[in-house]
Amino acid sequence: MSFETAWEALREAYRARLPERLREVEEAWRVWTSGRGGGPELYRKVHSLNGSAGTYGYRELQGLVAELEALIAPSAREEKPAEIDLREQGEKLLERMRQRIQEGIS
Amino acid sequence: MDQSARVRNAVRGELRRILLVEDEPDIQSIARLALETLGGYRVEVCGSGPEALERVGSIRPDLILLDVMMPGMDGPAVVRELRSRPETAGYPVVFMTAKVQPQELNRYLEMGALGVIAKPFDPMVLSDELRRLWEGGGGGQR
């Protein structure tokens with residue numbers, strides 16, 4: 001199997017897993033924004049999704065995830081609570097990610 | 001960098017076998033594909049720092065490609081542990097990280113790393129970049 005064929009197969013498999021990956025981020029987001037801790041875990045999931053989306057070439061999605069990572073990094077990594085304006089911005093970014101994935105990223 | 005690491009780095013031969021230490025399965029898959037198919041390397045994968053420390057003696061890689069941010073034991077902690085053991089102190093290491101500010105880069109180079117691969121990496125050029133670092137092309141990011 002050529003690199004290109006294997007690469008496309010991996011990209012497609014990754015794309016198919018994206019809804020589940022986003023659900024995991026959203027669940028971690030709900031935990032953190034409800035004041036139940038879990039900031040570092042949320043940050044780790046977002047950071048991981050950021051890196052993998054970029055490596056697999058889904059740059060538009062990666063851009064949104066990178067925005068979310070930058071938004072939460074100062075507080076989530078230090079296990080600080082989410083402020084209201086941060087929560088609003090984060091919800092908007094998550095909604096845009098959901099839309100992009102539902103529309104079918106390429 | 002300690003003396004044994006200097007010696008080991010100074011006498012590098014051909015790069016054939018790579019130990020990839022990365023916790024993210026999606027990154028493991030594409031890095032392995034790129035390094036094996038495009039680079040022609042043999043690649044062994046460990047999903048955590050402790051696993052890498054346990055297996056490195058039997059794998060005996062020419063180079064360790066090491067993610068910086070991993071849960072539990074991060075990349076720099078793995079290097080510190082490697083360097084503390086005489087039998088593993090000299091393994092060449094290249095870090096992979098999304099954070100490649102000059103200050104961070106210098107810190108990794110001072111630890112004895114050959115260099116840093118910036119994440120997200122381009123699978124098409126990962127092998128070339130690793131070979132460049134192996135051949136002494138400098139420690140900077142892509």
Query raised in the report: Applying a criterion of heavy atom separation less than 4.5 Å, what residues of residues 29-48 of chain A form contacts with chain B?
Result: A:Tyr43, A:Arg44, A:His47, A:Ser48

Report task. Take atom CD of A:Glu103 as the centre, draw a 6.0 Å sphere, and report whether it contains more than 12 heavy atoms from other residues, nucleotides or ligands. Result -> yes

Query raised in the report: When you check the gap from the basic side-chain N to the acidic O, do B:Glu24 and A:Arg21 get nearer than 4.0 Å?
Result: yes

Report task. Report, as yes or no, whether the 6.0 Å neighbourhood of atom CD on B:Glu54 holds more than 12 heavy atoms from other residues, nucleotides or ligands. Result -> no

Query raised in the report: Do the non-hydrogen side-chain atoms of B:Pro120 and A:Arg59 ever get within less than 4.5 Å of each other?
Result: yes

Requested in this report: Report yes if the side chains of A:Phe3 and B:Pro123 come closer than 4.5 Å at any heavy-atom pair, otherwise no.
Outcome: yes

Query raised in the report: Does atom CZ of B:Arg42 have more than 12 heavy-atom neighbours from other groups under 6.0 Å away?
Result: no

Report task. Can you measure from CG (B:Leu38) to CD (A:Glu4) and round to the nearest 0.5 angstrom? Result -> 7.5 Å

Query raised in the report: At a heavy-atom separation under 4.5 Å, does B:Ala31 approach chain A through its side chain, its backbone, both, or neither?
Result: neither

Query raised in the report: How many angstroms lie between atom CG of A:Leu10 and atom CD1 of B:Ile30, to the nearest 0.5 angstrom?
Result: 5.5 Å

Query raised in the report: Any donor and acceptor pair, going by atom type alone, linking the side chain of A:Tyr56 with main-chain N or O of B:Ile27 inside 3.5 Å?
Result: no

